[in-house]
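Working notes, beginning with the structure itself.
Below, chains carry the letters A, B, ... as their sequence lines are ordered, and counting in each starts from 1.
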Amino acid sequence: MFPSVQSCLVPRFAQFSPDQKEESARLINRLLQKKSPVIRLKISVFLWVIKLVSLLIGQDRAFKFFFDSPIALFRKGFWGINTLAKYGVYSQPSLYPVIRYHKRPLL
Amino acid sequence: MTDLLEYDIVIIGSGAGGGTVAKELSPLCQRGAKIALLEWGGHFEKKDNTRDEISMAEKYYFDSGGFQTEEQDLTLAFAKAVGGSTTVYTGTSLIAPEEVIQKWAVPDLSYEDLLPRFEKYIKENGVHLYPENEINDNNKLFVQGCKKLGWRVEQFPVNTRGCQGLGTCNLGCAVHAKQGTAVVQIPVAQKNGVDVIPFCRVDRIEDHDVVCEVLPPQFGLKPSPLKPGPIRFRAKKIVLCAGVVNTPAILSRSFGDFLPALGRYFTCHPALILAGQHQSPITNYEGHPKSFYCDAFSADQHFLLETCMYFPFTLAKNLAGYGSELDDFMDHYHQLQLILVLVVDEAESHNRVFIDRRGNPHVSYRFSPRSINSFVDAIRASTKIFFAAGAERVHAPSMEQFFIAPNQSDQINQLIHPKHFKLGKISISAAHLMGGCRMGEDPKTSVTDSWGRVHGNPNLYVADASLFPQAVEVNPYLTIMALADRVAEGILREMMSMS
C-alpha cells in the first residue's frame with residue numbers, strides 16, 4: 001500500500017529503478033524499526049484511513065483533505081506519511097546527480 | 001557489584017557548557033584534583049565523517065535529528081558526541097545583546113561580567129569574518145536582496161580555522177575546521193589531566209554519586225576507556241551540562257519535581273526554511289552555509305532571518321507540500337537560494353521538559369499567537385528578499401498554493417496569510433534549545449542561582465543552555481560558554497578556599 005501512496009506524494013518514485021524502489025523500502029523500514037510500536041501502529045492505521053477515504057472521494061481530494069485538514073491530528077498524520085515518502089526518495093545518493101548535488105571533495 | 005570511581009569533580013556533558021567547564025577547571029588537576037568529563041556519545045575523528053546526510057545524522061543526533069515534541073508539530077535537533085551540539089552547528093558566533101541580559105534580570109548577573117568572557121572565547125575559538133572571496137552565491141543573494149529593500153544585513157562571525165567550504169557543517173566537520181569544544185577546549189582539558197569518558201550515559205544523581213552506565217561503542221568509534229556496564233562516580237562537586245533536554249531530565253530522575261521551575265520556561269527559536277529558485281545555477285551547497293543575517297525585525301516583530309543551506313532530504317522534508325511541484329522544485333536544487341526564519345519565542349511556564357514513568361525525557365511546547373504571527377511576517381519578509389534578489393519563483397509555507405511568482409509580489413500579504421499557517425502541516429524545527437533550569441534568586445521561580453548552583457544543593461551545578469531564563473535572541477553557543485565560564489569560576493573559587 002505504501003508504494004502506491006509514495007508514488008503520488010513523490011511522483012519521482014514511480015520512475016525509480018527496481019533497485020531504487022527496494023532501497024527506498026529498506027531505508028523506510030530501517031527508520032520505522034527504531035520507532036516505538038505505538039508509532040508504527042499509528043502509521044499503519046493512518047495509511048488505511050487514507051486508503052479508505054481515497055476510495056470514497058478519490059486520491060487527489062483525499063490527499064488535499066488530510067494535508068490541509070482543519071483537524072490537527074489529520075494534518076500531523078499526513079505530514080508523517082509525506083515525510084516517510086520523501087525520506088525513501090531524497091535520502092538516496094543515487095538521486096544526487098539528477099538534482100545536481102554532490103559532496104565537495106576534500107582538499 | 002557496581003564499580004565506584006572517586007573524583008573531586010564530575011562534569012556531565014561535553015558540549016559548549018561541559019567542554020568550557022572542563023577546560024576552566026582543569027588547572028586544578030595540577031594541584032592534585034581528579035576531574036572526570038562524562039559524555040553519552042562517542043568521539044568523532046576526521047576519518048569517521050563520511051558527510052553522508054542520513055548516516056551522519058543518525059550518528060550525531062538524538063533520534064537522528066527528529067526528536068519530536070509531544071504536540072508533534074515541532075522537531076528538535078541536538079547532538080550526542082564529544083563536543084555536544086558544537087560538533088553540528090554552523091559555528092556562527094554572536095554575543096548576547098546587552099538588552100537581553102538586562103531583560104533576563106538575574107540578580108548579580110550583569111553584561112559587564114559577561115563581556116570579557118565573550119571576548120575570551122571569541123579569541124580562543126578563532127572567531128572571524130570570512131573574506132568576500134569565500135562567500136557563496138546563496139549568501140551574496142541574501143545580502144543583495146536585503147540591501148535592495150533597505151534592510152540591515154550583517155555578516156556572521158564564525159569560529160573556523162582551515163575551513164574548506166564543504167558545506168556539511170550540520171553533519172559534523174569532516175576536517176575539524178569548526179572550533180567547537182571537541183577541537184579547542186576538551187583537548188586542553190585532557191592535556192591538563194581531565195579524564196574524558198565517552199559512551200557514558202548518566203541515569204541519576206544520588207547524594208554525591210553519579211549513577212551511570214558505560215555503553216559499548218557505536219558507529220565504529222573508539223570505545224570508552226571503561227568497560228561497558230553499570231558504574232558510579234563519587235564526586236565532591238557535580239556539574240550538569242547535559243543540554244536542555246537531558247539536564248532537567250537527570251535532575252527529575254534524581255530528585256523528582258523538587259523545584260517548581262524545573263524543566264519549565266523552555267524556549268528554542270523555532271525555525272522554518274524557505275526556498276527561492278533562480279534562473280541559473282548558483283553556488284549554494286558549497287561554501288559556508290550561514291554567513292549573513294538580518295535582525296532588523298527582531299525588536300518589533302520578533303524574528304530573525306539567516307542564510308542557510310540544507311541537504312536533499314532535509315530540504316524536501318521542509319517543503320510544505322507534495323507531488324509534481326515539489327519534485328520539479330527539487331530538480332532545480334542547484335538553483336535554489338534558502339533562507340532560515342527563526343522566531344524569538346517567549347519563555348512560558350507551560351513549555352517544558354519532563355520525564356515519563358520510565359524516566360525518558362519529553363518536551364511539551366505550544367506555539368503562542370505571537371510566534372505564529374512572527375512566522376507569517378518572517379515568511380512575507382523572506383519572500384520579498386527572494387524577489388529582490390531576482391528569484392523567479394518562491395516556495396513559502398503559509399500559502400494555499402505551492403509557489404508565489406514575482407508578478408504576485410503585490411499580493412504577498414493576501415497570499416501568505418495566517419489562515420494558511422497550520423501547525424502540523426508545516427515543518428518547524430529548532431536547534432537553539434534553551435531554559436529548563438533557569439537562573440534566579442527565588443527557588444519558587446528558578447532552579448539555580450546566578451552562579452549555576454542548584455537551589456538547596458550546594459555541590460550541584462548547571463552549566464549549559466538550560467540556565468537561560470529566556471531566549472537569548474541570537475545563536476546561544478557563545479552565551480553558553482560565557483555562563484559556563486562563570487559557573488567554573490565560582491567552583492574554582494570554592495575549591496581553592498576549601499584547599
A:R61 atom CZ, neighbour heavy-atom count above 12 within 6.0 Å: no
B:F313 six-ring centre to A:K86 NZ/CZ under 6.0 Å and within 45° of normal: no
More than 12 heavy atoms of other groups within 6.0 Å of A:K21 NZ: yes
Where A:Y87 and B:I54 come nearest, the two heavy atoms and their spacing: OH-CG2, 3.2 Å
Options A:K34, A:K35, A:Q92, A:H102, ranked by heavy-atom pairs under 4.5 Å with chain B, top entry: A:H102
Exam field: side chain B:Q164 to backbone A:L107, donor-acceptor pair closer than 3.5 Å: yes
Contact leader toward chain A among B:A174, B:P281, B:G165, where contacts are heavy-atom pairs under 4.5 Å: B:G165
Note, B:P312 side chain near A:L95 side chain (heavy atom, < 4.5 Å): no
Under-4.0 Å salt bridge between B:D52 and A:K103: yes
Which of B:E58, B:Q72, B:H420, B:H332 touches chain A most, by non-hydrogen pairs under 4.5 Å: B:E58
B:Q414, CD: over 12 other non-hydrogen atoms inside 6.0 angstrom: yes
Euclidean distance, A:Y96 OH relative to B:Y285 OH, rounded to 0.5 Å: 11.5 Å
Backbone of B:I426 reached by a side-chain donor or acceptor of A:R75 within 3.5 Å: no
Part of B:Q68 within contact of chain A (heavy atom distance under 4.5 Å): side chain
Shortest non-hydrogen contact between A:P11 and B:S324, atoms and distance: CG-N, 3.6 Å
Residue selection (most heavy-atom pairs with chain B, distance under 4.5 Å) from A:G80, A:P70, A:S91, A:P105: A:S91
A:F67 side chain reached by B:K425 side chain, heavy atoms, under 4.5 Å: yes
Options A:L31, A:D68, A:T83, A:V98, ranked by heavy-atom pairs under 4.5 Å with chain B, top entry: A:D68
Under 4.5 Å from any heavy atom of chain A - which part of B:S427: both
Salt bridge present between A:K76 and B:E71 (N-O < 4.0 angstrom): no
is_close_aromatic(A:F78, B:Y322), centroid dist under 6.0 Å: yes
B:Q401 atom CD: more than 12 heavy-atom contacts under 6.0 Å: yes
Nearest heavy-atom neighbours spanning B:E53 and A:Y90: OE1-O, 4.4 Å
Test item: side-chain donor near acceptor, A:Y101 and B:N284, under 3.5 Å: no
NZ/NE/NH1/NH2 to OD/OE distance under 4.0 Å, B:D331 and A:R12: yes
Check: A:V10 and B:L326 side chains under 4.5 Å, non-hydrogen atoms: no
Side chain / backbone / both / neither for A:S7 at chain B, heavy atoms under 4.5 Å: neither
